[in-house]
Number of protein chains: 2
Amino acid sequence: MRKSPLILVIEDEEDLLELIEYHLLKEGYEVEGFLSVKNVEPFLAEEEADLMIVDRNLPGTEGSEFVASLRAKGIDIPVIFLSAKDQERDIETGFLRGGDDYMTKPFNMNELLLRIKALLKRTKNDLFSDRLIYKDIVLDLKRREVFIEGKEISLTRLEFDLLYTFIKNRNVVLSREYLLEQVWDTDAEHQEKTVNVAIKRLKEKIDPKKEKRYIEAIRGVGYKLC
Amino acid sequence: MRKSPLILVIEDEEDLLELIEYHLLKEGYEVEGFLSVKNVEPFLAEEEADLMIVDRNLPGTEGSEFVASLRAKGIDIPVIFLSAKDQERDIETGFLRGGDDYMTKPFNMNELLLRIKALLKRTKNDLFSDRLIYKDIVLDLKRREVFIEGKEISLTRLEFDLLYTFIKNRNVVLSREYLLEQVWDTDAEHQEKTVNVAIKRLKEKIDPKKEKRYIEAIRGVGYKLC
DNA sequence: TTTGATTGTTACAGTACGGTAACATCAAAA
DNA sequence: TTTTGATGTTACCGTACTGTAACAATCAAA
């Protein structure tokens, strides 16, 4: 695993790209540069980047559209946008998300480095507040992502909420009644059998080979995670 | 009482040890590092640690054996094991206890920090799990676990509820009628004989060698725990 | 010691419970 | 619209649990 953060830089002006890469490397970051959007996504399929620096004025795609398309696919990396002075106004109109930042060209390299540092720190702190870990299961609450032994698996809303409830109450036996209250709509009435099936489906996803037995049925009482 | 948790790190690679120490200190933990197993136990005799990070591949002793030997002496500190990739498989085969965790090298420092946080929080919470104790019997009500002389035994719903009722009413003679009311379905009618058999089965499980005689029959009246 | 009542033990059968799959329903996406 | 995926419902099966009855052991009083 990586010791220092990996930063992607997507910038079509080759000189500027090299300048940024140089400074980032000097700061001890790992850097991967791209002259266009083309090869970024395949790269991300292989490597987990910590931050992207994206020029908004790329040939072909708009930088912000590219980022939006990544987000639609669940790739959620904080971004620092580089934009021309005259685009400054657009910035405020929505495409910037909570974790993001931007700078207008021409910019001061020191300021960029400072912002990178700040952004990385911020996202790192976010991880602390939002991740729930049980054995080799990691739940990212904000992103609603689940990793088991480091590999991501996809859960439905119900399954995620169910697993979340179990991890929050690890080792405690939860009755079907309680689970229905916590996980299902409070107003809708459901049979307790419904819980059985939901748990069966969850088990199937988090432990398809039935090796781990994370969730156990406690006959006559309910279920528990142990 | 310590302000921040004390974490022991046992790792023979000096660089890695220093790296871990550095990050733990930065997170505000108190840290004590060891290059080998040798001085750990004397240290534990003096100081109460909250967590240990133990490399499984130490020169001389196997990390897990060392931890097992501590446990045999009643030193019961949660452990995060660091193991090489190819040892990953052993992990499941038993030496990992309920409170423990592990990571495979090379690992992500952030993830280690997350797991430390989670583990510390969990063990802290565990202290508050509500338990009912009678002599050497421990009932954990939320988890529905029963320990006798420290060893867990498994009870069915009926047996657990029965034992619970007895411990709640220790030294009091309980009539079969009362027990039927308390433990069995209130609506279903049962013979009083049913209680006899249920208690016989419970006795069998909590005292198979018939040494303890926890539950005693009071002729003509009922049963009591004494 | 004997006797009858009470309790313990065992075997057996019925039941309830949980797992599973198949189907139905619903909502969202294409 | 059609299609897809998510969720609820139902039915069925195997099994763990539990009630019952029959019998054995024990106890207490005579």
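Treat the numbers as computed from the prediction; the structure is a model and nothing was measured. Because only heavy atoms are used, hydrogens play no part in the values below, and waters and symmetry mates are left out as well, while side chains stay in. The chains referred to below are lettered A, B, ... by the order of the sequence lines, with proteins before strands, and numbering in each begins at 1.
Side-chain contact annotation: A:Thr156 with A:Glu159, donor-acceptor N/O pair under 3.5 Å present. Between the side chains of B:Asp136 and B:Tyr214, at least one donor N or O lies within less than 3.5 Å of an accepting N or O.
Distances from the side chain of B:Arg176 to the nucleotides D:dT10, C:dT7, D:dT20 place C:dT7 closest. Checking C:dG19, C:dT7, C:dT9 against every side-chain atom of B:Val197, the shortest atom distance belongs to C:dT9. The nucleotide whose nearest atom lies closest to any side-chain atom of B:Lys210 is, among D:dG19, C:dT9, D:dT7, C:dT9. Distance from the side chain of B:Thr156 is smallest to D:dC17 among D:dC17, C:dG8, D:dT20.
One interatomic measurement links the two molecules: CG of B:Asp161 to C1' of D:dT18, which rounds to 14 Å at whole-angstrom precision. Summarising the geometry, the separation between CD on A:Glu159 and P on D:dA6 is reported as 7 Å, rounded to the nearest angstrom. Rounded to a whole Å, the CD atom of A:Glu192 is 19 Å from the P atom of D:dT7. Here the P atom of nucleotide C:dG8 and the CD1 atom of B:Ile199 are 8 Å apart, to the nearest Å. The NZ-P distance, from B:Lys200 to D:dA21, rounds to 18 Å in whole Å. In this entry the distance linking CG of A:Asp207 with C1' of C:dT20 reads 16 Å, nearest Å.
Nearer to the 5' terminus of DNA chain D, by closest-nucleotide assignment, is the contact made by A:Lys205 (compared with the other of A:Lys205 and B:Leu155).
Listed pair A:Tyr223 / C:dG19 meets the phosphate criterion, a side-chain N or O lying under 4.0 Å from OP1 or OP2. Between A:Lys193 and the phosphate of C:dA16, there is no side-chain N or O to OP1/OP2 separation shorter than 4.0 Å. In this structure, B:Arg201 does not reach the C:dT10 phosphate: none of its side-chain N or O atoms is under 4.0 Å from OP1 or OP2. Contact between the side-chain N/O atoms of A:Thr194 and the OP1/OP2 oxygens of D:dT9 is found at a separation under 4.0 Å. In this model, the phosphate group of C:dC17 is not approached by any side-chain N or O of B:Arg157 to a distance below 4.0 Å at OP1 or OP2. One finds a side-chain N or O of B:Trp184 lying less than 4.0 angstrom from the OP1 or OP2 phosphate oxygen of D:dG19.
Heavy-atom minimum distance, A:Val31 versus A:Glu21: CG1-CG, 3.7 Å. Between B:Cys226 and B:Glu216, the shortest heavy-atom contact is SG-OE1, 3.2 Å. B:Tyr223 approaches B:Ile199 most closely through the heavy-atom pair CD1-CD1, 3.2 Å.
Residue-to-nucleotide contacts include a donor-acceptor pair under 3.5 Å from the side chain of B:Arg219 to the base of C:dA5.
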(Q) Run A:Lys209 and A:Glu204 through salt bridge (Lys or Arg N to Asp or Glu O under 4.0 Å) and show every step you take. (A) CA-CA 8 Å; A:Lys209 292 170 195 162; A:Glu204 179 71 26; over 6 Å; no
(Q) Each nucleotide in nucleotides 24-30 of chain C should get exactly one letter: B, S or -. Can you fill that in based on protein heavy atoms under 4.0 Å? (A) -------
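Environment of CD in A:Glu14: sparse, with no more than 12 heavy atoms of neighbouring residues, nucleotides or ligands closer than 6.0 Å. No more than 12 heavy atoms of other residues, nucleotides or ligands lie within 6.0 Å of CD in B:Glu189, so this atom counts as exposed by the packing criterion.
Across all strands shown, A:Leu162 has no heavy atoms under 4.0 Å from either base or sugar-phosphate atoms. At a threshold of 4.0 angstrom between heavy atoms, the contacts of B:Leu180 with the nucleic acid are absent.
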